[in-house]
Each structure stands twice: as C-alpha cells, then as structure tokens.
Amino acid sequence: MNRRLRPYAIALCLGASAPTFGIDLLQQGKDLLNSVSGSGAQGLDVAEIAAGLRDALKVGTGNVVSQLGRTDGFNSDPAIRIPLPESLGTVQSALGKVGMSGMLDDLELRLNRAAEAATPKAKALFMDAISEMTLEDARKIYDGPDDAATRYFQSKMSGPLALEMRPIVTDSLSDVGAIKSYDAAIGQYEKLPFVPDAKANLSDHVVDKGMDGIFYYLAKEEAAIRQNPAKRTTELLRKVFGGS
C-alpha cells in the first residue's frame with residue numbers, strides 16, 4: 001500500500017485506535033482513500049484492499065463454518081443455541097406439569113443438531129459472494145464499521161443461504177430424530193385435557209436461527225481481524241490491515 005496512504009487507512013479500519021490520530025488526520029485519511037482513482041499506482045492500492053478483504057473474509061467465514069458445523073457447535077453455545085419455537089412454549093409448560101418436559105428438551109437438542117449438520121453448506125455460498133465482490137463493494141466495506149462485511153453478506157446471501165439450508169435441515173430433522181420427537185411430544189400434549197392447539201414449522205425455525213448464529217459469529221470474526229493483529233494470518237492481511 002502507498003506509504004502516504006497506509007497510516008490513515010489503518011486508522012480507518014481500526015475503529016478503536018483511530019481517535020489517537022486526531023479528527024483532522026482521520027478526515028485526511030478518508031479524503032486520501034476516496035481520492036484513489038482505480039488506475040496507476042493508486043489503483044493498485046484499491047486492488048490490494050479488495051484482495052486483502054477477500055483474504056480476511058475467506059479466513060473469517062472458514063473459521064465460522066468450522067466452529068458451528070460440528071457437534072455441539074450450536075448446542076453447547078449459549079449465545080446461539082437454538083431454543084424451541086415460541087409456539088411450543090405452551091406444550092413445554094403443559095408437559096412439564098405431568099413430568100414429561102424431557103420430551104421437549106430432547107427435541108431442542110435435535111433442532112441444534114440439524115443446524116450443525118446444515119451449516120457446512122454455507123461455505124460454498126460465502127466463497128461465491130466473496131468472488132463476486134467488486135472494488136466498490138470492497139471500498140465500502142473497508143471504510144465501514146466493524147461489521148460492514150457481515151452486513152454485505154447478509155444482503156447478498158440470506159435468501160440463497162436459506163434455500164440451500166432448508167432441504168438439508170429438513171432431512172437432518174428426520175435423520176436426527178427431531179420429527180419423531182416432535183410428533184411424540186405433540187401426541188402426548190394432545191392427550192391432555194383442555195389444551196389449545198400448538199404447531200410449529202421446525203424447518204423454518206432452524207434455518208432462521210441457524211443463519212442468525214452464522215452471521216453473529218461472522219461479525220465477531222470480522223471485528224477481530226480488523227482490530228487484532230494476531231488474527232491477520234496472511235501476508236496480504238497484514239499489508240492491508242497492518243501488523244508484523
């Protein structure tokens with residue numbers, strides 16, 4: 001990166017340390033970055049920024065998918081563990097009164113297992129979105145807040161990711177026994193007197209909550225790469241974001 005531009009660019013992407021440069025210098029850094037034209041030496045700086053971001057996002061998304069797409073990736077993490085659908089709260093309460101709440105606990109475990117099974121499918125979609133990123137996308141992300149890339153992915157991927165995950169989740173719900181567990185719990189619930197109807201779309205629930213978990217950790221991974229030199233694991237990341 002151009003020696004004149006680099007200190008200001010680092011200040012921009014590291015939100016926590018930028019104030020030490022002063023407001024005037026921070027604005028100068030923004031002006032310098034905005035002056036990059038896309039040709040010649042300065043144009044190469046933009047290309048390097050884009051390449052660095054692609055490196056960062058490949059690292060970050062790979063870490064997230066590996067973390068969540070394994071046994072207990074969702075189930076043992078209180079930040080993203082998938083709860084029962086709200087519509088089953090009545091069922092859980094009613095069965096708890098007759099000593100059968102364990103059936104719903106078992107169902108909740110199986111919902112998380114289904115999300116863990118479906119998460120690896122996200123990796124290819126992330127790679128596609130990264131490859132389609134334009135230089136303008138990269139500049140906006142680089143200049144944006146710590147979760148700018150995560151927001152970019154959400155806007156590009158939420159629909160396709162849901163479509164890719166849904167059949168896997170549906171199959172997984174059957175494979176891990178969630179459908180059987182759900183039917184058994186509802187069957188026992190319906191035997192109780194004077195209870196209201198209670199139904200839930202388990203596939204939609206797991207897909208929605210699963211995507212929430214993926215983007216939750218992607219935002220954390222993105223912020224860490226921007227802020228923590230130890231997370232910049234490639235030469236290009238260190239060149240764009242700073243660090244030795």
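As the structure is a prediction and not an experimental result, all values here were calculated from the model.
- Side-chain atoms of Leu88 and Leu107, non-hydrogen and from C-beta on, do get closer than 4.5 Å to each other.
- Residues forming a salt bridge (charged side-chain N to carboxylate O under 4.0 Å, His left out) with Lys140 (at least two apart in sequence, or on another chain): none.
- Here the CE atom belonging to Met165 is positioned 9.5 Å from the CG atom belonging to Asp208, to the nearest 0.5 angstrom.
- Take Arg70 and apply the salt bridge (charged side-chain N to carboxylate O under 4.0 Å, His left out) test, not counting sequence neighbours, and it matches no residue.
- Taken from CG in Leu68 to OH in Tyr216, the straight-line distance is 11.0 Å, to the nearest 0.5 Å.
- Distance check, rounded to the nearest 0.5 Å: OG1 of Thr119 to CE of Met211 gives 11.0 Å.
- Remark: Ala219 engages Asp147, Thr150 in a side chain to side chain contact (heavy atoms under 4.5 Å, CB included) (not counting sequence neighbours).
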Extract all donor-acceptor atom pairs below 3.5 Å that involve side chains of residues 172-182 and protein atoms in other chains or at least two apart in sequence.
unit_1, atom_1, unit_2, atom_2, d
Ser172, OG, Ile168, O, 2.8
Ser181, OG, Asp106, OD2, 3.0
Tyr182, OH, Ala200, N, 3.2

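- Listed by chain and number, the residues in a side chain to side chain contact (heavy atoms under 4.5 Å, CB included) with Ser158 are Gln154, Phe215 (sequence neighbours excluded).
- Counting only residues at least two apart or in different chains, salt bridge (charged side-chain N to carboxylate O under 4.0 Å, His left out) contacts with residues 113-126 comprise Asp72-Arg113, Arg113-Glu116, Lys121-Glu164.
- Looking at residues two or more places apart in sequence or on another chain, you find a side chain to side chain contact (heavy atoms under 4.5 Å, CB included) between Lys156 and Tyr152.
- Legend: residues meeting side chain to side chain contact (heavy atoms under 4.5 Å, CB included) with Asp77, ordered by chain and number and at least two apart, are Gln67, Ala79, Ile80, Tyr217.
- Among residue pairs with one or both ends in residues 79-91, those qualifying as salt bridge (charged side-chain N to carboxylate O under 4.0 Å, His left out) are Arg81-Glu108; sequence neighbours excluded.
- Between Ala138 and Leu53, the shortest heavy-atom contact is O-CD1, 3.1 Å.
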Show me the donor-acceptor pairs, under 3.5 Å and distance only, between side chains in residues 124-137 and residues at least two apart or in other chains.
unit_1, atom_1, unit_2, atom_2, d
Ser131, OG, Met127, O, 3.4
Ser131, OG, Asp128, O, 2.8
Thr134, OG1, Glu136, N, 3.4
Thr134, OG1, Asp137, N, 3.0
Thr134, OG1, Asp137, OD2, 3.1
Asp137, OD2, Thr134, N, 3.1

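- With sequence neighbours excluded, the residues satisfying side chain to side chain donor-acceptor pair (under 3.5 Å) with Asn201 are Asp204.
- Partners of Arg54 by salt bridge (charged side-chain N to carboxylate O under 4.0 Å, His left out), not counting sequence neighbours: none found.
- Counting heavy atoms from C-beta outward, Pro145 and Arg151 have side chains that approach closer than 4.5 Å.
- Between the side chain of Asn75 and the backbone N or O of Leu109, no donor-acceptor pair lies under 3.5 Å.
- Each of Leu111, Ile82, Asn112 was checked for a side chain to side chain contact (heavy atoms under 4.5 Å, CB included) with Lys209, and the lone residue meeting it is Ile82.
- Hydrophobic cluster membership is shared by Leu192 and Ile186, with clusters built from Ile, Leu, Val, Met, Phe, Trp and Tyr side chains linked at under 4.5 angstrom.
- Put simply, the side chain of Glu222 gets close to the backbone of Ala148: a donor and an acceptor are under 3.5 Å apart.
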